[in-house]
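Inspection log for the structure reproduced underneath, given as structure tokens.
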Amino acid sequence: MRTVPAGVLMLALSMAGAANATAQAIGLKWGGKTGGIVGLVGEFRLTDEVNLLIQPTLTSRGSSLGVEVEGMEEPVDSGSVSLSYVTVPVLVKVFAGHRRTFVTSGLDFGFLTGATLTEGSEETDVKERVEDFDVAVSFGFGGVVYAGKPNVSLELRYSQSLLNLANASTTEDALPVRFRSSGFQLLAGVFLPLGGGR
């Protein structure tokens, strides 16, 4: 049985306590669109316009699957894979408009906790056929509402896996030999500023 690395869990559990001394803000983030996410957020101010974000989260990602059909130019959809991860996104957040709008970019390190293949109405557990580790690149755009404490943010984020997620050691042909996950997430966040900042 695969387990979540202890370091990831320790980071998630200790984030709030550690942030009291060093972070600009702490909070919660949740959302979904083609995937879902819920977790903690720690923001560390680097400059007046730039923050570093660390976000231990539970995340779902997806990937459509296609098969090559003779006579067809494009692959034909044959199903989809739903992937569940414990992730640690490490992002840079750049503000504009008096810190009311922002863009984010960075890497998202994921540790697989579950994988399900859906073909029509059939669902199959394919966790053993998917790699345990993933790295995704993320880009986002959002805004912040400053209405006292806490602050509220809304962000649209796109993530694209950089690695082949198919486990090369398996010989099952239910999954392609190469695939990656990608998708948009609409995220809402509630942040508690620390140290008198906003």
Side-chain angles (χ1 to χ4, degrees), residues 1-5 7-9 11-12 29-41 52-94 103-142 155-187 189:
M1 173 185 258
R2 294 173 181 159
T3 59
V4 176
V8 175
L9 291 177
L11 177 62
K29 201 96 171 180
W30 68 93
K33 193 157 185 173
T34 57
I37 181 172
V38 62
L40 298 173
V41 181
L52 175 68
L53 276 68
I54 300 177
Q55 302 178 344
T57 58
L58 301 176
T59 304
S60 63
R61 298 176 183 162
S63 180
S64 296
L65 303 178
V67 294
E68 300 287 342
V69 177
E70 189 174 342
M72 302 286 288
E73 291 185 12
E74 297 293 327
V76 176
D77 287 345
S78 65
S80 62
V81 178
S82 299
L83 307 170
S84 300
Y85 287 90
V86 171
T87 65
V88 184
V90 179
L91 308 170
V92 173
K93 184 176 190 178
V94 180
V103 294
T104 58
S105 181
L107 295 177
D108 190 343
F109 304 94
F111 303 89
L112 186 71
T113 60
T116 302
L117 172 66
T118 302
E119 296 176 294
S121 60
E122 283 191 34
E123 293 188 349
T124 306
D125 185 344
V126 292
K127 186 176 175 184
E128 297 301 322
R129 303 177 212 166
V130 179
E131 292 289 350
D132 291 332
F133 180 71
D134 185 29
V135 179
V137 62
S138 296
F139 304 94
F141 173 81
E155 178 185 355
L156 180 64
R157 185 182 297 173
Y158 176 78
S159 292
Q160 169 68 59
S161 177
L162 298 176
L163 304 178
N164 177 21
L165 298 181
N167 187 336
S169 67
T170 64
T171 58
E172 301 283 349
D173 57 8
L175 294 177
V177 293
R178 296 192 64 81
F179 71 96
R180 296 186 176 101
S181 69
S182 64
F184 286 94
Q185 294 169 322
L186 185 61
L187 305 172

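Quick caveat: nothing in here was measured; it's all calculated off a predicted structure.
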Next item on the list: Show your reasoning for whether side-chain contact (heavy atoms from CB on, under 4.5 Å) applies to Leu58 and Val86.
Entry: CA-CA 5 Å; Leu58 301 176; Val86 171; 3.7 Å; yes
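- Atom CD in Gln160 sits 7.0 Å away from atom OG in Ser181 (nearest 0.5 Å).
- Among all heavy-atom pairs drawn from Pro89 and Gln55, the shortest one is CD-O, 2.6 Å.
- The two residues Ser161 and Asp134 come nearest to each other via the heavy atoms OG-OD1, 2.7 Å.
- Atom CZ of residue Phe184 and atom OG of residue Ser159 lie 10.0 Å apart, to the nearest 0.5 angstrom.
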Next item on the list: Begin from the C-alpha positions of Thr104 and Ser138 and carry the test side-chain contact (heavy atoms from CB on, under 4.5 Å) through to its verdict.
Entry: CA-CA 8 Å; Thr104 58; Ser138 296; over 6 Å; no
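- Residues Val81 and Leu117 meet the side-chain proximity criterion, which asks for heavy atoms closer than 4.5 Å.
- Heavy atoms only, all atoms of each residue included: Tyr158 and Ser182 are closest at OH-CB, 3.5 Å.
- Contact detail for Thr116 and Glu123: the closest heavy-atom pair is CG2-CB, 3.9 Å.
- Residue Arg180 comes nearest to Asn164 through the heavy atom pair NE-N, 4.4 Å, listed as atom of the first residue, atom of the second, then distance.
- With rounding to the nearest 0.5 Å, the separation of CG in Leu165 from CZ in Arg129 is 15.0 Å.
- Taken from CG in Leu91 to CZ in Arg157, the straight-line distance is 5.0 Å, to the nearest 0.5 Å.
- Scored by the side-chain contact (heavy atoms from CB on, under 4.5 Å) test, Val135 finds Leu107, Phe109, Phe133, Leu162, Leu163 as partners (sequence neighbours excluded).
- Using a 4.5 Å heavy-atom threshold, the side chains of Leu40 and Ile54 count as separate.
- The structure places CD of Gln185 at 9.5 Å from CG of Leu156, a figure rounded to the nearest 0.5 Å.
- Using modelled atom types, no side-chain atom of Asp108 and backbone atom of Gly110 make a donor-acceptor pair closer than 3.5 Å.
- Applying the side-chain contact (heavy atoms from CB on, under 4.5 Å) criterion to Ser84, with sequence neighbours excluded, gives Thr113.
- Here Thr59 contributes atom OG1 and Ile37 contributes atom CD1; the two are 4.0 Å apart, rounded to the nearest 0.5 Å.
- The two residues Ala115 and Val130 come nearest to each other via the heavy atoms CB-CG2, 3.9 Å.
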